There are 6 protein chains.
Amino acid sequence: MSYRLEELCWKELAEKQKTSDVVLIPVGSVEQHGYHLPLGTDSFVAKALAEEAAEKAGVIVTPPLWFGWCPHHMALPGSVSVRAEVLIEYLYDVIESLHTHGFRKFVIINGHRIVNIPWMQIAAQRAQSKLLCKAVIFDPAYMSKDLIPGLDIGPVGHSDEIETSHLMHLHPDLVHLEKAVDNPVKETPLYSVDPQYPNDTLCYVPATKEHTAELGRISGGTTGSPSKSSAEIGRVYHEHLLGNLLRVIESLKAV
Amino acid sequence: MSYRLEELCWKELAEKQKTSDVVLIPVGSVEQHGYHLPLGTDSFVAKALAEEAAEKAGVIVTPPLWFGWCPHHMALPGSVSVRAEVLIEYLYDVIESLHTHGFRKFVIINGHRIVNIPWMQIAAQRAQSKLLCKAVIFDPAYMSKDLIPGLDIGPVGHSDEIETSHLMHLHPDLVHLEKAVDNPVKETPLYSVDPQYPNDTLCYVPATKEHTAELGRISGGTTGSPSKSSAEIGRVYHEHLLGNLLRVIESLKAV
Amino acid sequence: MSYRLEELCWKELAEKQKTSDVVLIPVGSVEQHGYHLPLGTDSFVAKALAEEAAEKAGVIVTPPLWFGWCPHHMALPGSVSVRAEVLIEYLYDVIESLHTHGFRKFVIINGHRIVNIPWMQIAAQRAQSKLLCKAVIFDPAYMSKDLIPGLDIGPVGHSDEIETSHLMHLHPDLVHLEKAVDNPVKETPLYSVDPQYPNDTLCYVPATKEHTAELGRISGGTTGSPSKSSAEIGRVYHEHLLGNLLRVIESLKAV
Amino acid sequence: MSYRLEELCWKELAEKQKTSDVVLIPVGSVEQHGYHLPLGTDSFVAKALAEEAAEKAGVIVTPPLWFGWCPHHMALPGSVSVRAEVLIEYLYDVIESLHTHGFRKFVIINGHRIVNIPWMQIAAQRAQSKLLCKAVIFDPAYMSKDLIPGLDIGPVGHSDEIETSHLMHLHPDLVHLEKAVDNPVKETPLYSVDPQYPNDTLCYVPATKEHTAELGRISGGTTGSPSKSSAEIGRVYHEHLLGNLLRVIESLKAV
Amino acid sequence: MSYRLEELCWKELAEKQKTSDVVLIPVGSVEQHGYHLPLGTDSFVAKALAEEAAEKAGVIVTPPLWFGWCPHHMALPGSVSVRAEVLIEYLYDVIESLHTHGFRKFVIINGHRIVNIPWMQIAAQRAQSKLLCKAVIFDPAYMSKDLIPGLDIGPVGHSDEIETSHLMHLHPDLVHLEKAVDNPVKETPLYSVDPQYPNDTLCYVPATKEHTAELGRISGGTTGSPSKSSAEIGRVYHEHLLGNLLRVIESLKAV
Amino acid sequence: MSYRLEELCWKELAEKQKTSDVVLIPVGSVEQHGYHLPLGTDSFVAKALAEEAAEKAGVIVTPPLWFGWCPHHMALPGSVSVRAEVLIEYLYDVIESLHTHGFRKFVIINGHRIVNIPWMQIAAQRAQSKLLCKAVIFDPAYMSKDLIPGLDIGPVGHSDEIETSHLMHLHPDLVHLEKAVDNPVKETPLYSVDPQYPNDTLCYVPATKEHTAELGRISGGTTGSPSKSSAEIGRVYHEHLLGNLLRVIESLKAV
């Protein structure tokens, strides 16, 4: 039997729900990813993690929410940004609907790093407090903090070596590494958002369109050094995340 | 080069946009479809029509909006309904984002029949009037009015013979015809919503959860006679819709 | 005793409510109707149908909601359009208020054809699902499908022969037939919205202001052939609609 | 030519708009008015004042907004209350629509006394500041402060002697004076809302439903002494208000 | 023990709540007050009244809501206006939160005169009707109607003699009387908003930015005659208001 | 001349604005802080940092936004939580108002740690993108990551040793250390929110009221070891944060 919500008949879903009240909800973004990665990169990441974990853990995964919040990327073609206020309501309704059917534990799997997190937090809190359920957020960048220092790669950027490596592992056909332009991350002493940094501030406010337009002129939208990427790094990274995600699911099952 | 927005790099998308400013946006629903069809039936329909037409017509297709408005189906497990008010804002933001990048003609492809149409109309009108673009809605039930009378099948229901046939053509592996329960459509002299009917009223108001709960007890949520289904009917229906969709796209290109 | 809500004292209303829990709510529009029909045409139609039916059926009718959704008509003077999102909330509150007093069945009588219907559907669904009541929509164009083919008139337009005839029957003093300009409806093979048409698509998205501005230059805002109008056609049409409306009310009473 | 917006063709409206850019917008309420006055009392008042003034001053009057904000009256049958937040948006859209056609000065004529005023102020301010137009509110209670002391009647209540007298002048057939129950206004030293009072506080917060329910048991919802009413008092009051309203219109024309 | 909410530990607050379920909520505005008064004048007034009354009456006072609704003052630097729609929700949430902890009677103390009152009325009504509590508004201008006529000062303006005197009593260090420019209030026969006036209409709609810009050029934003101010007038006025506020609190305690 | 917005006349503010277009906006929370800290702790922190920095850097500071988002603390008396959706609009309006007057750089100073950050990010992004200004968030916990490891204290909790120490430095009179109950932070291997932790996930979703109610029973709402607090630790912490805040302000001035 499938673990994908959309492929099940309702009777099958009702059966599966009896064995586990956990649901995984992958959320990505469709936005510029430099000259070498596809617009859907973030959603491919969320979808792959969620589907593999669902299969392994015997829980249900919903279809992906393909679109996220990326107002800063609207300067480059193909980026699609939904207002954060709308995404809050949208995600809440998805959770509330599934809650109606008896699901009680929700893992929101983010493929878009820090920018999707604020609206997810607000939606998840409302779900927890109105529906008396459990809703947690799983973010690749923050869930790989213990792995990254050993990988000899640069800090968090955009379409950078870790994201490129991840896609090379997941969808090698969609990566055009030969077109990638390196644009090493500049240090910003007080306002970094790399979870590896001692001075990571978390308080990231997405940049303006003008900033991304400039980035587009410099490197096609990339920050980081995609030239250092490899499918093997991607595989290690993916396995690590998958392991952590499975541990999150197990801890929810145990509650 | 792909015709799927999510698989393109932004440079590729920018190239394609120069050759056509049409975008297809498939919108479905995840909702109960009786004992024999998958929850994602409506989204599979919208996705298949949109992707095939995009490839044939050389235009772009976005990832599907998997979730729609189906408050009446919430009585049966697995149904996911987002409020119409939220879907209006969500779809509008998707269109506005693509409009930013130069797209001017949008075909919203509905897989969920009449219930998704009201909020689509409101979003599409706002897009037309605020963005000065063209936004049309393509609905299978209304776009097959000239075909259906020749097919010797019953009137429009839910998980009925035409929907089942369509899925048998598109995803035979996801159809469990052996589990289907027939539940022929009852005539409602003044308030029908079958576009074939001389007295179709259009003014459909989705039923209450209580009504669907009753339907669930009778037939597992089906209205119609799925036993009359066949992959061949599905193929004919699909080709007809695809032909009409391509004609809609051509007429937009010609404007 | 009056059947008009606004003319009753609350004690009288309470008495009437005991004999029937049906309420009629007429909703129109104030918008351009060519050179020859008054701006309030749609509201006059809804008001006349609702008040005559209320009297005959012994049920209550509210004062009319004079303003509707007509963004496409804003190009010509006098048109008043309220946002669909606002009308949804407004109509819902009217229904909820009456529900508080024990009314359980609501007939929303539309005088503005297809453009008012989307927001009515959303409001009516919310009422049905939150208040557990019955809310149906009665639309003249869709409720006369069985009559029109026998009348030898053209397809649905705006300020056309059927609308003009109806007003000639209801308010002859407000019709200036001598100023009417014919502008026969052009066939649009895939996207018609005439319920008589085999290829009526329902998926109507209101046109832009620019489109109506052009229409204003051609015919003063008319589509159709008002020169074919007569009070007698209007009378037949009105009686037919009234009959159907009474049948809708009877069927609600019987539930 | 009519002075009622709904009765004019758009060409006629365009002609009238050239001679004056003032529009009158009557706003009332449908709510309990004791045992002796009709539910629509407030709207009848606003409508009569607006229509007579429009005719005399040669300006346009819109159809009435029949429903207002009366949450406190919901305890008695027939009362219809729309949320203040919705009424703000609704009235704003009406003004904005008319502004599109060249009208620049709006008189909102309130028939419902102090309870409608807060949302009218917010809507009118937004109109003034976004559309750069003039929007004023005309309220009978406040616009008769110089007259009332000479009339030998009691303070402001609900369905009281002045309101009853006004209706006896306007719609004698709708007044059932024989059913009226007197319920003299009690002094509340710090929180009065009678504009005649030296300690009128203005800061009125509508009472709860529970309070009106109690009032219903005491007097059928009346506060005041309707037994003191007469059509002659109503005539004097009406003429006085009409005179003041005409002066407001003239002062707007002069700007 | 403090009477300021923010200075108490929750255990202390819980103790105090047992002795009185009244809370005072001071609300002001940060807006231009001519050449001689500080931007925070309205908030200083609300804060001083609320804190003194809280101490004397043994009830709790919240921190002030510093910002109010003053769209008309945005023409001059330093003015901060929050939309009325947002303030309604904000104040409601503050009341609802305190209601959760057992408080049942709320006095909203306005320092900004008539312009803050509409949104306060809407928020207070919603609180009363949803939470079944008591919420009243205390406004200095309306709560001093019985005092003012004896003070030999001019009518209500802005940064006028009464407001200036009040600040001279409360914060003499923040008043720059030497910079004040007199700009006597002009009579507007029908539309005054001075509670002392027989023809005060209450129906005040805040002016446009353009109007305040003109006022800025004339007198730096002042209407009235600040030159007539004195700390002694301010003291008398303050004591009078404080007395009235204490009477309001006592009357609430007695309910 | 004052650096506090509320204490300046508009002319003075206009003068100051010419020398610097930076504004500091302190935002706190009123919420339970165990048995020993005042409800306004978070706001006192934000206010103190903002005012000291404003004075030192010669920039303007607004009055504090006293109330924040703390739905999880509503289980204990005195906590006041405003919905995140409302706070987004409120903060945006404050920024937009100041932007009208020429300010272009905004530092939002958070006293409430991670829970206020999501809605601040959404408001700040909207400001940046709609107003083309710069809006950054300054959070004590994240801005002290380089200091904390040297202080020999436990991880981030609530009313913990660092927060207590900070208040002992700022408002010793409001700290009741003798009432504090230690409740050491438990390790949660995957979901920590201490910026010091290698596995800090950032993806914090505020707990439910039920969780805080339990916490209240255990320790009065405290997580951490307040017994380790000292005014000296508070002083070092405060100076460190002030230094970082001044560096943020200087970097904005330099742009």
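Just so we're on the same page: letters track the sequence lines, and every chain starts at 1. Since we're looking at a predicted model, the values are computed, not measured.
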task: Determine which residues belonging to residues 207-217 of chain C lie within contact range of chain B, meaning some heavy atom pair is under 4.5 Å apart, and list them by number or answer 'none'.
output: C/Ala207, C/Thr208, C/Glu210
message: Within residues 243-255 of chain C, which residues come under 4.5 Å of chain B, heavy atom to heavy atom?
response: C/Asn244, C/Arg247, C/Val248
Which bit of [X] is near chain B, if near means a heavy-atom gap under 4.5 Å: side chain, backbone, both or neither?
{"X": "C/Val136", "answer": "both"}
{"X": "C/Ala135", "answer": "backbone"}
{"X": "C/Glu85", "answer": "side chain"}
{"X": "C/Arg126", "answer": "side chain"}
{"X": "C/Ile108", "answer": "neither"}
{"X": "C/Trp119", "answer": "both"}

What are the two closest heavy atoms between [X] and [Y], and how far apart are they?
{"X": "B/Ile122", "Y": "C/Ala84", "result": "CD1-CB, 3.8 Å"}
{"X": "B/Gln128", "Y": "C/Pro206", "result": "NE2-O, 3.0 Å"}
{"X": "C/Gln121", "Y": "B/Tyr204", "result": "NE2-O, 2.8 Å"}

